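Reviewing the structure listed below.
By convention in this document, chain letters (A, B, ...) are assigned in the order of the sequence lines, proteins followed by strands, and residues within each chain are numbered from 1. Keep in mind the model is a prediction, meaning the values are calculated, not measured. Scope of the values below: all heavy atoms of this structure, side chains included, with no hydrogens, waters or symmetry mates.
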There are 2 protein chains.
Amino acid sequence: MNAPALLTSTEENYLKAVFALAQPRIGTNALADRVQTKASSATDMIQRLAEKGLVEYERYRGVGLTPSGRVAAAAVIRRHRLWEVFLAEKLGFGWHEVHDLAEELEHVQSPELIRRLDAFLDTPSYDPHGDPIPRADGTWPTAAGVRLDQVPVGQSFAVAGAADRTDELLDYLHRVGMVPGTEWTLVEIVPFDGTRTVQNRSGRTLDLSALAARHVLVQPQETQTPNA
Amino acid sequence: MNAPALLTSTEENYLKAVFALAQPRIGTNALADRVQTKASSATDMIQRLAEKGLVEYERYRGVGLTPSGRVAAAAVIRRHRLWEVFLAEKLGFGWHEVHDLAEELEHVQSPELIRRLDAFLDTPSYDPHGDPIPRADGTWPTAAGVRLDQVPVGQSFAVAGAADRTDELLDYLHRVGMVPGTEWTLVEIVPFDGTRTVQNRSGRTLDLSALAARHVLVQPQETQTPNA
DNA sequence: ATTCAAATTTAGACAAATCTAAAAATAAAG
DNA sequence: CTTTATTTTTAGATTTGTCTAAATTTGAAT
């Protein structure tokens, strides 16, 4: 809960890795793998983070995050994903290219910078990969429904909303008619690129990219028999 | 001329400092002051940079940049000033707040990032402080005239152009009538904040902030006797 | 239970960048 | 042309993050 006293880039990277892998704990080797280093180095770092109260650590037993560790990790992930949105939406990078750059940008320390970046990007809730962006207070956006990319073929659903407030996305969804309240059925997932084909009540079909599907929140329906 | 093999952030900071202070050479103490360190550390670093061929160094005689050192320094300064423009124009930071943040952002290594950032900002030639931004090829924009902030009181001049292509600046200059070809005399420089008071032929006066003055390029005129 | 393999930790070394304190070179003053 | 003051360099230590190699601990298998 205490303000996460300035961490080095390396410390932040380890924290992110523990956050990503600890359920609830993660071993030294797996952690070392994730941060591209050796187990012995990971041990050293873990012990430093334990002294700072960010991870709970027991020799030979692995590590997990403490509550303040979780807060600190969320802050790093927030910075990372906001930069990803910037790189993709403003600079036009492909969503597969943004990760490595964000990896560097995320370590620039300035709460004010992040506040303004967030505002500049219209406070997005999801990054270009569809992953949620922690809020400034450390809480996580919980989908008001299920993301369309997690719905199985054959499932019917009602559109609940958009994961993002960007004009581009909202315009697009409005233009193709995927507005809140409308009902659809997922008829196909193209294996090659994850494109979703959905169909409405009147039989009209529509193709949505995997990326778009991650930004559409839906409410799954009871499956209906075709002749009901 | 050779691609400036990846430098550490610290090396880049020393390079910038040498660039800023060497005319043509700079002593160890002054350099150490600039990068906030001690003379002994500066000596170490200088010797590293000399081994990499970026500075020419002679013991007890100070350092200067080599041609490839100048290219490398220009690249760092380009990154720094582009980020300053981004912070001021896109995120709304004041022009006095942008330096420290740019100091961190400038070290993110990615030519493609800088290319796209440059395009996103409409390839500016000057940063928010009015300092020129080196071009991608390492050349420097030379003012098509003299910057208004370098004109002495009493001098008459014709407006030659704007240092920047941003709509805000062009709109502003157009609105106040400082368009290319018009003639003015600088009647006062307010000591407190550097505001310039200028007067046109019909006696109308206009106040320009020091910042605006840095972005206006002018052609100085022969001084005229009042009753000519 | 004992043995063995895998995972983890320690010990010792190294590179980058820094510091303090002491030595060396230069420049300035008498 | 000495002496002194200033600047610069070296020497040795420190911190962060890393490594290799050796020592421990754990857990799984006989």
Check the distance between D:dG17's C1' and A:Leu7's CG and give it to me in whole angstrom. 15 Å
Rounded to whole angstroms, how far apart are NE2 on A:His107 and P on D:dG17? 11 Å
For chain B and DNA chain C, what are the first and last nucleotides along the strand, 5' to 3', with at least one atom under 4.0 angstrom from a heavy atom of the protein chain? C:dA16 to C:dA27
Charged N-O contact under 4.0 Å between B:Asp137 and B:Arg135: no
Euclidean distance, atom CG of residue B:Asp44 to atom P of D:dT8 [Å, nearest integer]: 15 Å
To the nearest 0.5 Å, atom NE2 of A:His215 lies from atom CG of A:Leu148 at 11.5 Å
Looking only at side-chain N and O atoms, does A:Ser41 come under 4.0 Å of OP1 or OP2 in D:dT18? no
5'-most contact on DNA chain D (nearest-nucleotide basis), B:Gln47 vs A:Tyr14, goes to B:Gln47
What does nucleotides 21-29 of chain D look like as a protein-contact string, B for base, S for sugar-phosphate only, - for none, at under 4.0 angstrom between heavy atoms? ---BSSS--
Interatomic distance where CG belongs to A:Leu49 and C1' belongs to D:dT16 [whole Å]: 13 Å
Which pair of heavy atoms, one from A:Arg61 and one from A:Arg25, lies closest together, and at what distance? O-NH1, 3.3 Å
Roughly how far, to the nearest 0.5 Å, is the CE atom of A:Met45 from the OH atom of A:Tyr57? 13.0 Å
Establish, yes or no, whether a centroid distance under 6.0 Å links the rings of A:Phe19 and A:Trp140. yes
Do B:Phe86 and B:Phe93 have their ring centres less than 6.0 Å from each other? no
Below 4.0 angstrom, which residues in residues 19-35 of chain A have at least one non-hydrogen atom near DNA chain C? A:Gly27, A:Thr28, A:Asn29
Please report the shortest heavy-atom distance between B:Asp127 and B:Val85, naming the atom on each side. CA-CG2, 3.7 Å
What is the distance, rounded to the nearest whole Å, between atom CZ of B:Arg48 and atom P of D:dT10? 16 Å
Can you see which heavy atom on B:Gly154 is nearest to which on B:Thr185, and at what distance? O-CG2, 3.6 Å
Output yes when B:Arg196 and B:Glu188 qualify as a salt bridge under the 4.0 Å nitrogen-oxygen rule, no when they do not. no
So does B:Glu51 pair up with B:Arg48, basic N to acidic O under 4.0 Å? no
Consider only side-chain N and O atoms of B:Gln150 and B:Gln155, and report whether a donor and an acceptor are under 3.5 Å apart. no
